[in-house]
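In what follows, every chain begins at residue 1, and chains take the letters A, B, ... in the order their sequences are listed. These figures come from a predicted structure and were not determined experimentally. All heavy atoms count here, side chains included; hydrogens, waters and symmetry mates do not.
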There are 2 protein chains.
Amino acid sequence: MPDDPLPPEDVLVRLLTRGLAQSARTITGPGDDCAVIQLPGGKSRQLLKADAVVENVHFTRAMPAAAVGNKALCRAVSDIAAMGGAPCEALITLVLPPDISLTWVKGVYAGLNKAARRWGVGIAGGETSSAAAGSPVVISVCLTGELPSDADAGSGSGSGLNSAAVRRSGARPGEVIAVTGRLGNSFASGWHLNFTPRLREAQWLMLHFPPTAMMDLSDGLAKDLPRLAAASRCGWDLEVTALPLRKGADTAAALGDGEDYELLMTFRPEVWQDLAAAWKKQFPRVPLTQIGRITARRVKRPALAGGWDHFQA
Amino acid sequence: MPDDPLPPEDVLVRLLTRGLAQSARTITGPGDDCAVIQLPGGKSRQLLKADAVVENVHFTRAMPAAAVGNKALCRAVSDIAAMGGAPCEALITLVLPPDISLTWVKGVYAGLNKAARRWGVGIAGGETSSAAAGSPVVISVCLTGELPSDADAGSGSGSGLNSAAVRRSGARPGEVIAVTGRLGNSFASGWHLNFTPRLREAQWLMLHFPPTAMMDLSDGLAKDLPRLAAASRCGWDLEVTALPLRKGADTAAALGDGEDYELLMTFRPEVWQDLAAAWKKQFPRVPLTQIGRITARRVKRPALAGGWDHFQA
């Protein structure tokens with residue numbers, strides 16, 4: 001190990017994004033699920049997301065190749081959904097060691113293609129690179145997204161330039177914290193490979209009940225809720241007993257397993273009851289669960305530890 | 001090795017891009033230096049490029065980290081330039097094994113930032129992922145680009161929707177084949193780390209002498225000229241003795257070393273003399289060399305072998 005090993009992921013990202021070369025076109029830079037870019041001409045904004053899955057971290061070669069391709073694309077779709085956008089074009093970069101089989105690579109592409117068709121994504125290009133024998137396969141996805149125009153957005157979205165992108169920073173004390181689906185046990189259940197990114201749900205919410213803040217749960221609620229709260233300069237009061245558990249998961253798993261790919265959102269309390277009732281009709285098979293309240297910054301109840309950190313054992 | 005190892009890179013890309021999920025917004029998909037996407041609203045087109053550098057393939061850890069970061073970004077800038085565009089926003093994905101030092105990673109970012117400022121790129125976001133001990137570092141760059149509007153483009157660009165992006169497919173028999181700079185010996189000379197992407201040159205050409213076809217030379221002329229000719233359904237008559245050689249390079253190196261990051265272009269023969277004279281005044285330190293002529297498809301003189309292939313020993 002080097003004298004100066006990598007710090008925890010959030011610290012590393014803070015260090016690396018300090019003094020970053022940025023453009024005036026960048027409305028939202030690093031620190032949210034996607035970047036938000038002002039397109040030429042003035043009116044449109046674009047979402048940009050890059051995400052990689054790495055062999056033996058996010059998948060193994062024993063898993064079905066098509067499911068691995070599905071996962072690689074759907075992770076990025078989930079991030080676009082979590083900003084309130086719709087996915088557009090993807091570029092795929094494959095890093096391949098010499099011991100990989102053509103059949104496996106074609107299987108990954110079959111999964112990528114099927115997921116792309118399902119979620120309205122065009123695969124516009126990509127690259128392949130070799131790596132030395134023994135290297136892990138890396139599948140890197142770059143995905144663009146579009147935001148609903150102001151005309152399409154719900155009444156809660158205001159009229160500011162950035163109104164249509166839902167960021168992590170919009171939560172306010174007193175608001176309801178809610179999650180879609182169920183949490184925990186993503187790996188053993190196979191959910192991490194064949195999950196449904198909550199694109200339809202997010203788009204329906206954007207039209208009818210725009211969240212004040214939103215992100216996708218990839219590293220576990222114990223890591224991701226503090227991130228949302230920090231971005232919003234708030235705290236939280238979490239009802240741990242209210243967490244919707246996936247089969248085989250307990251509370252610790254729901255907080256810490258990660259790779260849930262569910263939406264973590266906040267809503268103004270006055271809309272919550274109407275939203276909950278309308279949701280049940282619209283998405284009868286996907287639970288939407290209130291799991292707590294946003295509070296003032298000093299409240300962090302319970303204190304959360306755990307969750308997935310890439311650079312900590 | 002598996003029973004079905006990977007075929008040569010061009011064959012693999014052909015296999016993987018067959019039946020690809022594509023969107024109506026994609027004007028130019030896989031097979032050129034960048035994808036060309038129609039943006040919402042109708043008028044603007046966007047370039048998209050994804051590119052990765054892999055440790056022990058494109059760089060080693062013994063090389064200065066900032067130079068590695070510079071290379072990672074400039075490779076993508078070179079591809080945007082080779083379509084006639086200007087780079088806009090980048091997303092950076094780092095795959096990092098546990099034995100990497102924070103100092104090295106910060107050095108890579110210092111190089112990325114410096115290159116981004118020099119070439120007008122905003123770093124809008126990115127991701128970090130871990131990899132198992134012993135894995136190579138991977139730096140994946142996704143870069144967007146914009147194309148000059150028709151109002152800015154030179155008289156040769158026509159008025160079609162796709163007029164402003166210069167593709168590999170526009171060369172016609174009788175046209176001049178030209179390259180910028182010098183070829184070969186990129187590795188030993190350090191050019192592969194500290195090269196100058198030919199962005200200013202390409203932008204000047206777009207305004208004054210738009211090439212009929214253009215690409216950047218990354219795998220060596222012996223690999224890349226046949227790609228341009230195939231995309232244009234043409235052949236070539238190459239004057240091998242005319243190749244501009246980098247110090248320390250012979251003809252074989254100029255054809256096969258790769259990582260030249262120079263522009264390979266074709267021009268209508270009637271503009272060549274004016275262009276060559278104007279170029280000399282505009283870029284006195286960067287040679288522009290005629291190296292042959294585009295021919296009918298059946299002519300391939302000399303037959304070219306060699307060049308860099310990721311999946312062939």
Which heavy atom of [X] sits nearest to which heavy atom of [Y], and what is that distance?
X      : Y      : result
B:R25  : A:P87  : NH2-O, 4.4 Å
A:E127 : B:A50  : CG-O, 2.8 Å
B:S129 : A:V54  : OG-CG2, 3.5 Å
B:E89  : A:T26  : CG-OG1, 3.8 Å
B:L12  : A:T128 : CD2-CG2, 4.1 Å
B:L16  : A:Y109 : O-CD2, 3.4 Å

Counting heavy-atom pairs closer than 4.5 Å to chain B, which one of [options] comes out on top?
options                       : value
A:A124, A:A35, A:G125         : A:A124
A:T103, A:N56, A:V95          : A:T103
A:Q46, A:K114, A:K106, A:E146 : A:Q46
A:L96, A:V138, A:V13          : A:L96

Quick check for you: to the nearest 0.5 Å, what is the distance between [X] atom [atom1] and [Y] atom [atom2]?
X      : Y      : atom1 : atom2 : result
A:S140 : B:I139 : OG    : CD1   : 12.0 Å
B:N113 : A:L20  : CG    : CG    : 5.0 Å
B:C142 : A:D51  : SG    : CG    : 12.0 Å
A:L91  : B:T144 : CG    : OG1   : 10.5 Å

Among [options], which residue has the highest count of heavy-atom pairs closer than 4.5 Å to chain A?
options                       : answer
B:T93, B:I100, B:V105, B:V108 : B:I100
B:S101, B:G29, B:S23          : B:S101
B:P98, B:A90, B:A52           : B:P98
B:L112, B:D99, B:T17          : B:D99

Below 4.5 Å from any heavy atom of chain A, which atoms of [X] appear? Answer side chain, backbone, both or neither.
X     : value
B:K49 : both
B:E55 : neither
B:I37 : side chain
B:C88 : both

TODO: For B:D33, check side chain to side chain donor-acceptor pair (under 3.5 Å) against everything at least two apart and list the hits.
DONE: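 In terms of side chain to side chain donor-acceptor pair (under 3.5 Å), with neighbours along the sequence ignored, B:D33 is linked to B:R168.
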
TODO: Identify, with sequence neighbours excluded, every residue that meets side chain to side chain donor-acceptor pair (under 3.5 Å) alongside A:N70.
DONE: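 In terms of side chain to side chain donor-acceptor pair (under 3.5 Å), with neighbours along the sequence ignored, A:N70 is linked to no residue.
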
TODO: Could you look at A:I92 and say if it's the side chain, the backbone, both or neither that has a heavy atom under 4.5 Å from chain B?
DONE: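 Contact with chain B: none, neither part.
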
Open item on the list: At under 4.5 Å between heavy atoms, what parts of residues 2-11 of chain A are in contact with chain B? List them by residue number.
Closed with: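 So far as heavy atoms go, A:P2, A:D4, A:P5, A:L6, A:P7, A:E9 are the residues that approach chain B to under 4.5 Å.
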
Open item on the list: Donor-acceptor pair, distance only, cut-off 3.5 Å: does the side chain of B:Q22 make one with the backbone of A:I123?
Closed with: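 Yes, because the side chain of B:Q22 sits within donor-acceptor range (under 3.5 Å) of the backbone of A:I123.
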
Task: Part of residues 115-122 of chain B lying next to chain A, heavy-atom separation under 4.5 Å - done: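 At a heavy-atom separation under 4.5 Å, chain A is reached by B:A116, B:R117, B:G120, B:V121, B:G122.
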
